[in-house]
Amino acid sequence: MGLFKSKQDKEIEKKMLIKKTMNSMQKHISKLEEQKKVYIEAAKSAKQKGLTAQVNLAISGLKMTMAQQKKAQEMMLNFEITSQMKDMTMMTSEFLKGMSTLSKEMTKLTDNKDFAKVQKQFEVAMSSVDKRSMEMEVFLDMSSSEFASQSVDPSGIKDEEIMALIDDVASDDELATETNIDDELKSLREKMSSK
C-alpha cells in the first residue's frame with residue numbers, strides 16, 4: 001500500500017474510529033453497571049452483619065459509580081448527537097458540490113448567445129446557495145456551542161412539551177391496554193355463556 005491514503009480509506013478509518021469509540025463507551029457503561037451491583041451486594045452484606053463503616057463505604061462507592069455512569073452516558077449521547085450533526089454537514093456539503101457540478105453542466109448545454117444571461121442566473125443561484133450554506137454553518141456552529149454549554153436547547157422545544165407528549169403516549173397505551181382487557185373479558189364471558 002502506498003504512503004498516501006485515498007479519501008475513501010480516510011473516511012473508512014474515521015467511521016471505524018467513531019464505532020470503536022462508541023463501543024468503548026458502551027463497555028465502560030456496562031462495566032460501571034456491574035460495579036454498581038457489587039457495591040449494592042457489599043452494602044447489603046455489611047448491613048446484615050451490622051458493619052456500619054463498611055455499609056457507609058459501599059454506599060460511597062455506589063454513589064461515585066453512579067455519578068461516573070451518568071457522566072459516561074452523557075458523553076456517549078453527546079458523541080452520538082455530534083456524529084449525526086457531522087453526517088448532516090457532510091450531506092449538505094455533497095449536495096452543494098452536486099448543485100455546482102449540475103449548474104456547470106447546464107451552462108455547457110446553453111447556447112453561446114445566451115451565455116451572459118445564463119451566467120448571471122447561475123451567479124444569482126450560487127449566491128443564494130452560498131448564503132443558505134453560510135446560514136446553515138452559522139446555525140450548526142451556534143447549535144454545537146449551545147449544546148456544549150448545555151445552557152440552551154437548540155431545538156427550541158421545552159422539556160415540558162416533551163414530557164407532556166410522553167405522558168400522552170403513556171396514557172394512550174394504558175387506555176388501549178385496558179380496552180383490550182375489557183374486550184377479552186367480554187369475549188370470554190360470551191363464550192362461557194354459550195356453552
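The basis for the numbers below is simple: all heavy atoms, side chains too, and nothing from hydrogens, waters or symmetry mates.
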For this session: Please report the C-alpha distance between K36 and E33 in whole Å, then the side-chain angles of each, then the deciding distance to 0.1 Å, and finally whether the salt bridge (Lys or Arg N to Asp or Glu O under 4.0 Å) criterion is met.
Result: CA-CA 5 Å; K36 274 169 52 179; E33 186 63 33; 3.3 Å; yes

Problem set entry | From CA spacing to verdict: side chain to side chain contact (heavy atoms under 4.5 Å, CB included), V124, Q121 | CA-CA 5 Å; V124 169; Q121 288 173 342; 5.7 Å; no

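- S100 places no side-chain N or O within 3.5 Å of a backbone atom of L96 that could act as its donor or acceptor partner.
- A side-chain donor-acceptor contact under 3.5 Å links T89 to the backbone of M85.
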May I have the list of side-chain donor-acceptor pairs in residues 42-52 shorter than 3.5 Å, sequence neighbours left out?
none

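- Q35 pairs by the side chain to side chain donor-acceptor pair (under 3.5 Å) definition with nothing, not counting sequence neighbours.
- Judged by distance alone, the side chain of S30 and the main-chain N or O of Q26 form a donor-acceptor pair under 3.5 Å.
- The shortest side-chain heavy-atom distance between I12 and K15 does not fall under the 4.5 Å cut-off.
- We find that E94 and K97 are joined by a salt bridge, their nearest charged nitrogen and carboxylate oxygen being less than 4.0 Å apart.
- A salt bridge is defined here as a Lys NZ or Arg NE, NH1 or NH2 lying under 4.0 Å from an Asp or Glu carboxylate O, and E34 with K31 fails to meet this definition.
- I29 and Q69 get closest at one heavy-atom pair: O-NE2, 3.4 Å.
- To the nearest 0.5 Å, the span separating NZ on K71 from CE on M66 amounts to 16.0 Å.
- Remark: the backbone N or O of M99 is paired with a side-chain donor or acceptor of S103 at under 3.5 angstrom.
- Between the side chain of S127 and the backbone N or O of E123 there is no donor-acceptor pair closer than 3.5 Å.
- Atom CD of E137 and atom OG of S93 lie 8.5 Å apart (nearest 0.5 Å).
- The distance from the CG atom of L32 to the CE atom of M64 is 9.5 Å, given to the nearest 0.5 Å.
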